[in-house]
Amino acid sequence: MDTTKVANTNGTEPAIAAKPSRAGAVASWADDRLGLATMAKKNLRKVFPDHWSFMLGEIALWSFVVLLLTGVFLTLWFTPSMGEVQYNGSYEQLRGIQMSEAYASSLKISFDVRGGLLMRQMHHWSAMLFVASMMVHLLRVWFTGAFRKPRELNWVIGCLLLLLGTLEGFTGYSLPDDLLSGTGIRAADGFIKASPVVGTYMSFLLFGGEFPGESIIPRLYIIHVLLIPGLLLALVGAHMLLLVYHKHTQWPGPGRTEKNVVGFPMLPVYAAKAGGFFFIVFGVTALMGALLSINPVWKYGPYDPSKVTAGSQPDWYMGWPDGALRIMPGIETHIWGVTISWNVMLPILILPVVAFTVLLLLPFIDAWVTGDKRDHHLLYRPRNAPTRSAVMVALMTMYGLFWAAGGNDIIAIRLHASINQITYFLRAAVIVGPVIAFLVTRRWCISLQRKDNETLLHGYETGIIMRSPEGGYTERHLPLDATRAYVLTARDRDPVVDGEVQHEVDGNGVPTPHTGRLSGVRNRLRTLMWSDNVQKPTAEELDAGHHHAEHEHELQTALDGHAADGHQFDGHHLVEDEGLRHH
Amino acid sequence: MSDDAHELDTVPDATVTDDLYANPGLAEHHWRPTDVDPKMEKRAERQVATLFGLSTICTILFVVSYFTVDKTDTFAGLGAQNLTLGLTLAGALLFIGIGVIQWARKLMADLEIVESRHPASSSEADRAATLESLDQGIAESGIGRRPLVRNSLLGAVGLVGVTAVVPLWDLGPTNAKVTKEQPYPGAGLENTIWAPGMRVVRDVVGTPIRPGDLQIGDLVNAEPEGLFNGGPDGEPLEGVALQVGKSKGAVVVVRMEPEEIIPGKGRENWSVDGIICYSKICTHVGCPISLYERTTHHLLCPCHQSTFDLADSARVVFGPAARPLPQLPLQVDADGYLVAQRDFDEPVGPSFWERG
């Protein structure tokens, strides 16, 4: 018998010498089973760069969490049923009235469940925050170039999140079955029926027979609490994973390059900041729920297909397709025994799909036009991509005008204007407005680029006015400090030589073959993209500029030692020893 | 994430960029007052703890107000309970958030650290190995060599989705089914519950209308009497039947000077003494319409502002609707009440493909 492995003492000490700390013990217990240390090692001290604009997506993330929490609370009391009941709750004005169980339970949550109204209002406010912050986050990502390779797929996921968030909002505010939201469903039924060929079938299947039926609320409910949240959760997870994998973009600055990422470690600083920010978003939502009334369904009354409220409008994020619907001329084709409702199909079935597809494809269209195959981790200021910025401002203008059209009745009432004229104006404006916005933005950006160059070449404005012996006035300029000058010049030169775009050379200096029918289009788009941009100064221009500035400085030194703070003549104090203030 | 050292493809080409100024490198770290002054450090510590303490107080107040504030109380026009619960909840959450962030900003180390990036792509070796495994797997499966297996599988998988789609047919009866089986009066998109001789009654209350009840310029929201006595034993409709009946049967009745009416072709005897009746359901997407301007006889839809001229067969004068509102032919019954001559001649409400 081999006894060499048998313990040869009766000592009580275990084989491991020192007892590990309690946290260490828990960690090793977990790691023995999960093997998380390899991943945690890399990520616990993961670097997050600091900038306020990186917080916008975080608002969206946290408001989604608030939505999940408050939403679970609401499901405890909400009854997703269209069965008719007589209301006997504590809201006097509606007592004794027949209504759906969905509406009755919404009233119950609002009036008879303590904190129920608060949760309802927090849920609705955080839904608005969710969609709004996603939109602003999207704009930030576009305007600063964070959508470029390798992050295009995360842009696509983000767009899907925006789409699903919007649908989630629509299915959510339809659930209480009040008069306003019911009117929204009524309109949605009209949209569905306008679909070619399959419209009535889709409508009858969705509503379980003829509108309004008694199936739509339970069906929207399961879509709202299970289907879309599940998809949202999965996509949010994918969005975060890609964010971690790609690492965050950062602004150019001292020590920041394309090859590194500079900032605070996840543990402890970012965990604290992001975790703390969750509580702030949650707290602000609670504050809004406490102070700002939203969607007072008890004022609208239960849904009745023969009634409507004046000024019926969807939640704001559904406003733009509704606006398109309002300003669309009433065109319908009756041919071969069928009806084609262009007046509904174009604005509500086709336009949003086209708009969403364009949004989804923007990074890919951009990459095709520029031919840029490089990775980008440093952001740029919107002015340094004038055409891209102009494209987004044009899209924003179009969105804004459609959105305004969604409120044409409110505008008419508030401004005592004719609703007909507002509508005619908007029909033209949604086409002309984006073009003007594009041109103005592009030129505006180019002017800002020019201004940056001026600052680089001649220094910044000090606010000190110099008076020459001849009586002329000039403002004194001083050179930028090294950091500021570096940040201003830390950007690519566009492939432009003497105002001519170098079509033959792509971003990597590799010649682009002149093949494909679209190469002519692409070349024209490239010219539009870059040809008018102001490039940062060359080394020679910079030298000349600095030389000139020094010369000017020399001329002005004679004036140094003469105070110019406005107190020379008022006798407040002596000025002999004062020099010009340097900033 | 691969750790191998293949290069990031970010190096800007020489023709594209140049370094006018050298990267000055990370800015010098500045110590915060809390790093160097123990007094300031203690102060920040107290601030953070105070914030957490305030949160605790708010939580307690939340619980107290849950049990003490009456749900009928109001404060400054707001529900007192909603206000106290909301404000204390907001305080409980916000003070934690502010406290944690104050802690991070004042007391946690504020040294920026640098991490280097790796390309999103895998190394060439990994790619090659993956492709090789993939090729090997494909080769071993023989999917390339056995087109019969491959194509029949593709066909089967492509078709199996049908089992998920077809059962959706039972989500609801289709229009054809509803119309054919007529389980309730006025079933289907082409019909409403209006029937020859059915009285036009006031909305909500259900009282019949005599022509003399209406002044010139009046608009009355009306319903078919069948909603109020259409049940098997003459009882009011309820539930789905009532909702469907209302969603198609609702009408507006207006009275104007008879000579103001421009009757449509074949509609000369559809009105009674200047009283004329139209479907209330907008032909655009189906909102009920009732914003009436008596001087112009225009009826405006509050949803998308389609405007109809009620004196002229409800012709569309403005907005996105493409068709006039269907008109209900009226007459007076033996008791002197307004009744329908028959159902609408065309489907009411929004357009649909099969409408023709």
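Just so we're on the same page: letters track the sequence lines, and every chain starts at 1.
Per-residue heavy-atom pair counts under 4.5 Å with chain A were compared for B:G79, B:G86, B:C301, and the maximum is reached by B:G86. For the set B:G319, B:G172, B:G245, the entry with the most heavy-atom pairs within less than 4.5 Å of chain A is B:G172. If you tally non-hydrogen atom pairs under 4.5 Å between each of A:G190, A:P314, A:S293, A:G330 and chain B, the highest count goes to A:G330. Counting heavy-atom pairs under 4.5 Å between each of B:L78, B:T88, B:L111 and chain A puts B:L111 at the top. No other option in A:M82, A:H248, A:Q98 has as many heavy-atom pairs under 4.5 Å with chain B as A:H248. Heavy-atom pairs under 4.5 Å with chain B peak, among A:M119, A:E214, A:M288, at A:E214. Chain A forms more heavy-atom pairs under 4.5 Å with one residue of B:E115, B:H284, B:M108, B:R105 than with any other, namely B:E115. Considering only heavy-atom pairs separated by less than 4.5 Å from chain A, the leading option among B:L242, B:L85, B:I101, B:T307 is B:I101. With chain A as partner, the option from B:V100, B:T72, B:N82 having the largest number of non-hydrogen pairs under 4.5 angstrom is B:N82. Ranked by heavy-atom pairs under 4.5 Å with chain B, the first of A:A485, A:A539, A:P329 is A:A485. The greatest number of non-hydrogen atom pairs below 4.5 Å with chain B, out of A:R45, A:Q313, A:R256, is found for A:R256. Between chain B and the options A:I340, A:T183, A:D189, A:D322, the largest number of non-hydrogen pairs under 4.5 Å is found for A:D322.
When heavy atoms are compared at a cutoff of 4.5 Å, B:Q305 approaches chain A solely by way of its side chain, counted from C-beta outward. Neither the backbone nor the side chain of B:N221 comes within less than 4.5 Å of any heavy atom of chain A. Proximity to chain A (any heavy atom under 4.5 Å) is shown, for B:L300, by neither the backbone nor the side chain. Looking at B:F67, the atoms closer than 4.5 Å to chain A (heavy atoms on both sides) sit in the backbone and in the side chain alike. In this structure, the portions of A:P268 lying under 4.5 Å from any heavy atom of chain B include both its backbone and its side chain. With a 4.5 Å cut-off on non-hydrogen atoms, A:F111 touches chain B through its backbone but not through its side chain. Residue B:E238 does not touch chain A at all, counting heavy-atom pairs closer than 4.5 Å. With a threshold of 4.5 angstrom between heavy atoms, A:I331 approaches chain B through N, CA, C or O but not through any side-chain atom. Proximity to chain A is limited to the side chain of B:V178, based on heavy atoms less than 4.5 angstrom apart. Contacts of A:S215 with chain B are absent, with no heavy-atom separation under 4.5 Å from either backbone or side chain. At a 4.5 Å heavy-atom cutoff, the contact between A:Q121 and chain B is made by side-chain atoms alone. Proximity to chain A (any heavy atom under 4.5 Å) is shown, for B:Y66, by both the backbone and the side chain. A:V281 does not touch chain B: none of its heavy atoms, backbone or side chain, sits under 4.5 Å away. For A:Y424, the part lying near chain B is the side chain, with the backbone staying farther off; criterion is any non-hydrogen pair under 4.5 Å. Residue B:I113 touches chain A through both its backbone and its side chain, counting heavy-atom pairs closer than 4.5 Å. Residue contact with chain A, scored on non-hydrogen atoms closer than 4.5 Å, involves the backbone and the side chain of B:P302 alike. Looking at A:D50, neither its backbone nor its side chain comes within 4.5 Å of chain B, counting heavy atoms on both sides. Residue contact with chain B, scored on non-hydrogen atoms closer than 4.5 Å, involves the side chain of A:E84 exclusively. Only the side chain of B:V204 comes within contact range of chain A, judged by heavy atoms closer than 4.5 Å. Within the 4.5 angstrom heavy-atom criterion, only side-chain atoms of B:V240, from C-beta onward, approach chain A. Heavy-atom distances place no part of B:A241 under 4.5 Å from chain A, backbone and side chain included.
Relative orientation of the B:F52 and B:W103 rings is perpendicular, given thresholds of 30° and 60° on the angle between their planes. By the 30° and 60° cut-offs, the orientation of the rings of A:F207 relative to A:F211 is perpendicular.
Side-chain atoms of A:R151 come within 3.5 Å of backbone N or O of A:H246 as a donor-acceptor pair. Using modelled atom types, no side-chain atom of A:R120 and backbone atom of A:G115 make a donor-acceptor pair closer than 3.5 Å. In terms of modelled atom types and a separation under 3.5 Å, the side chain of A:N260 and the main chain of B:V114 share no donor-acceptor contact.
A salt bridge links A:E210 and B:K248; the closest N-O separation between the charged side-chain nitrogens and carboxylate oxygens is under 4.0 Å. Ionic pairing of B:D203 and B:K246 is not present here: no N-O contact between side-chain nitrogen and carboxylate oxygen is shorter than 4.0 angstrom.
For CD of B:E346, the number of neighbouring non-hydrogen atoms (other residues, nucleotides, ligands) closer than 6.0 Å is greater than 12.
In this structure, the side chains of A:L488 and A:K536 stay at 4.5 Å or more apart for every pair of heavy atoms. Taking 4.5 Å as the limit, every side-chain heavy atom of B:R315 sits out of range of all side-chain heavy atoms of B:F308.
In summary, the aromatic rings of A:Y270 and A:F48 are positioned with their centroids under 6.0 Å apart.
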Exercise. How far apart are the C-alpha atoms of A:K149 and A:D372, what are their side-chain angles, what is the distance that settles it, and do they pass the salt bridge (charged side-chain N to carboxylate O under 4.0 Å, His left out) test?
Worked result: CA-CA 9 Å; A:K149 192 187 166 196; A:D372 188 351; over 6 Å; no

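A donor-acceptor contact closer than 3.5 angstrom is absent between the side chains of A:S203 and A:T200. Side-chain atoms of A:T333 and A:W342 form a donor-acceptor pair, as typed in the model, at a separation below 3.5 Å. Side chains of A:E332 and A:T339: a donor-acceptor N/O pair is absent below 3.5 angstrom, by distance only. Side chain to side chain, A:T423 and A:R326 fail the donor-acceptor criterion of an N or O pair below 3.5 Å.
Less than 2.5 Å separates the SG atom of B:C303 from that of B:C287.
Take B:T68 and apply the side chain to side chain donor-acceptor pair (under 3.5 Å) test, not counting sequence neighbours, and it matches no residue.
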